[in-house]
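Okay, structure first, notes after.
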Amino acid sequence: MSARMGSETAPPGRHAAGLFAAAAPHREGNGNTLHTPVLVLNASYEPINVCAARRALVLVLKGVAMTEEENGHFLHAARIAMRVPSVIRLLEYRRIPHQSRALSRKNILLRDRNTCQYCAAVLPSSELTLDHVIPRSRGGSSTWENLVACCHPCNRRKGNQSPGEAGMKLTREPRAFNLHTSRHIMRLMGRSDDKWRKYLFY
Ligand SMILES: [Zn+2]
């Protein structure tokens, strides 16, 4: 299995996710319990991903992962009360291809830190699109090196041109998401959660 955890477990997970969606979660703390980031460790304790608490709970309920650390909040759904994890660990080791992660919109926005790579505006994911640096119509491929986060105004302005033709400049060269980049991002995401520290070494 690849690092694309999101898609491979999605179909069976949807049912369990619906359980939480149907029952209004009992809100404790900041009320965003289901969206709190949770660090995902491989069976070897190597940090491999970050997911939302809702998804982490689904993985735990399905027996795919176990809770290593809790965040102190409870989620009440149906007749169960679950402690919301802060860190989970997969029970079966997954081989993560070295230096590669799933090429996805989510991961490109993560790599680019939700920043338009032309005008440097930092925006919510919903206000960003993916830009093919060399347009697809010109043979540009959908790769880490040719896809960047881009705001809608910049995307419209660039149209079907290369950055040079549009008089635009990338703020930095797009690169594949390597392990170093992803650790860095995991640290940024876990800034407020001390329980992540011992797994990310900072
Ligand atoms: Zn922009």
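Indexing begins at 1, ligand by ligand and atom by atom, following the structure's order.
- A salt bridge links Arg138 with Glu165: the distance from a Lys NZ or Arg NE/NH1/NH2 to an Asp or Glu carboxylate oxygen falls below 4.0 Å.
- Backbone or side-chain N, O or S atoms of Cys150 do not reach the Zn ion (ligand 1) at under 2.8 Å.
- Under a 3.5 Å cut-off, the side chain of Gln117 and the backbone N or O of Thr115 do form a donor-acceptor pair.
- Considering only residues two or more places apart in sequence or on other chains, Arg156 meets the side chain to side chain donor-acceptor pair (under 3.5 Å) condition with none of them.
- Remark: at the Zn ion (ligand 1), atom SG from Cys151 and atom SG from Cys154 enclose 100°, rounded to the nearest 10 degrees.
- Vertex the Zn ion (ligand 1), arms ending at SG of Cys116 and SG of Cys119: the angle is 110° after rounding to 10 degrees.
- A donor-acceptor pair shorter than 3.5 Å can be found between the side chains of Ser137 and Asn160.
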